[in-house]
Amino acid sequence: MAPSHSDISAQKGHAIGHPERIKVLMYHRVVRDEVLTPAAGEYAIHADILRSQLRTLEKLGYTAITFNDYTLYRSGELNLPRKPVIITFDDGYEDTYRLAFPLLGEYGMKAVVFVVADTAIRMNSWDIAEGITPAPLMTTEQILELHSAGFEIGSHSMTHQKLTELPREEAWGEISRSRMLLEMMLNAPVRTFSYPYGLLNDQVRVLVKEAGYDFACGVY
């Protein structure tokens, strides 16, 4: 399966008889015919393999939810399915819209997509130094279509920098401004953050909390 962002603990409630660990699965690129460098291949999954994994989740009885769903559950406004899972996609690649979106639709699933908020960034330029193949990011219109289809849109910062290496004020701008711009784009709250590169420290964690996010995803 995909690498995992983290788990979240679902407390006891009317929908679940015992405490659960809800797995949060992390994906990046979805490819079909592209020729990738070895470095890029580590962050990509072929569309046929993604379909197989989604089929497996369905056969095992999992239901994809979002962090927003989990928030509603915690407030008593929504029952969780018997076996919930959260599927996420980092960076907001165009192939998330072109390939993953239809595949998820085949299985009646939705996902959480973490996007960079600076719409002037059209490619994953942050990965070039690592030898990773540049790839286009989603347009505003594509992001809005995913949101309208029930996908949750979360922040992946403004420009995908290593927040742990930035001065406090720069990190704050990456974290807080991205939320503000995405909320303006979606005309809806943005409560979820994914740390670029999965990197965080105590300062960055506090800044994310102060910026008003309810959930933040690291990597293990």
Side-chain angles (χ1 to χ4, degrees), residues 1-10 15-16 20-70 73 78-116 124 127 130 132-133 135-138 142-143 145-156 160 192-198 215-220:
M1 298 300 290
S4 182
H5 255 314
S6 60
D7 295 339
I8 58 176
S9 295
I16 297 178
E20 298 259 350
R21 296 293 288 181
I22 301 177
K23 189 65 67 178
V24 183
L25 303 180
M26 176 186 63
Y27 294 92
H28 284 81
R29 292 202 58 196
V30 181
V31 299
R32 188 175 298 281
D33 301 315
E34 295 87 339
V35 177
L36 303 176
T37 64
E42 293 182 8
Y43 295 90
I45 184 172
H46 193 279
D48 291 343
I49 297 176
L50 177 60
R51 175 184 279 111
S52 176
Q53 293 182 358
L54 295 176
R55 185 186 304 119
T56 298
L57 287 173
E58 181 187 55
K59 287 182 178 179
L60 293 175
Y62 283 95
T63 301
I65 66 168
T66 65
F67 291 103
N68 285 333
D69 292 333
Y70 183 68
Y73 162 73
L78 182 73
N79 287 349
L80 286 183
R82 186 175 63 87
K83 296 176 69 174
V85 65
I86 298 177
I87 300 170
T88 73
F89 291 85
D90 273 8
D91 299 342
Y93 292 106
E94 184 269 345
D95 51 53
T96 299
Y97 173 84
R98 179 170 49 87
L99 297 175
F101 183 27
L103 286 175
L104 288 158
E106 288 182 21
Y107 295 93
M109 296 183 182
K110 54 189 175 181
V112 181
V113 181
F114 294 106
V115 302
V116 292
N124 60 327
D127 283 331
E130 306 296 328
I132 293 179
T133 310
L137 305 180
M138 284 189 289
Q142 291 168 336
I143 293 171
E145 185 175 344
L146 290 180
H147 182 251
S148 296
F151 283 52
E152 179 177 345
I153 305 299
S155 170
H156 204 33
H160 203 288
T192 314
F193 187 84
S194 174
Y195 300 102
Y197 304 99
F215 298 94
C217 292
V219 177
Y220 72 89

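Between Phe193 and Phe114, the shortest heavy-atom distance links the atoms C-CE2, 3.7 Å. What you find for Pro84 and Ile65 is that their closest heavy atoms are CB-CD1, 3.8 Å. The shortest non-hydrogen separation linking Ala216 to Tyr195 is CB-OH, 3.4 Å. In plain terms, the two heavy atoms of Asn124 and Ala135 that are nearest each other are OD1-N, 2.6 Å. Across every non-hydrogen atom of Leu104 and Ile87, the tightest pair is CD2-CD1, 4.1 Å. Arg32 approaches Asp48 most closely through the heavy-atom pair NH1-OD1, 3.7 Å.
For the pair Lys110 and Phe151, the cation-pi criterion (under 6.0 Å, within 45° of the ring axis) is not fulfilled.
In this structure, CD in Gln142 is found 9.5 Å from CZ in Arg98, a value given to the nearest 0.5 Å. Between Leu80 atom CG and Ile22 atom CD1 the span is 5.5 Å, to the nearest 0.5 Å. Annotation: the span from Leu99 atom CG to Glu94 atom CD amounts to 7.5 Å, rounded to 0.5 Å. Separating the CZ atom in Arg51 from the CD1 atom in Ile45 is a distance of 11.5 Å, to the nearest 0.5 Å. Once rounded to the nearest 0.5 Å, the distance linking CG of Asp90 with NE2 of His156 reads 4.0 Å. Here CG of Leu25 is found 9.0 Å from OH of Tyr62. Values are rounded to the nearest 0.5 Å.
You'll find the side chain of Leu54 reaches within 4.5 Å of the side chain of Met109, heavy atoms only. Residues Met138 and Phe89 fail the side-chain proximity criterion, which asks for heavy atoms closer than 4.5 Å. Between Val112 and Ile86 the shortest side-chain heavy-atom distance falls below 4.5 Å.
Under the salt bridge (Lys or Arg N to Asp or Glu O under 4.0 Å) criterion, no residue pair touches residues 145-154, with sequence neighbours excluded.
Judged purely by distance below 3.5 Å, without hydrogens or angles, the side chains of Asp95 and Tyr93 never pair a donor atom with an acceptor atom. Looking at Glu130 and Tyr43, their side chains never bring a donor and an acceptor atom within 3.5 Å of each other.
Every ring-ring contact (aromatic ring centres under 6.0 Å, His included) that Tyr97 has, sequence neighbours left out, goes to Phe101. By the side chain to side chain contact (heavy atoms under 4.5 Å, CB included) test, Ala44 is found to be paired with Arg29, Val31, Leu36, residues two or more places apart in sequence or in another chain being considered.
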Would you sort out whether Ile153 and Val115 count as a side chain to side chain contact (heavy atoms under 4.5 Å, CB included), showing the intermediate values?
CA-CA 7 Å; Ile153 305 299; Val115 302; 3.9 Å; yes
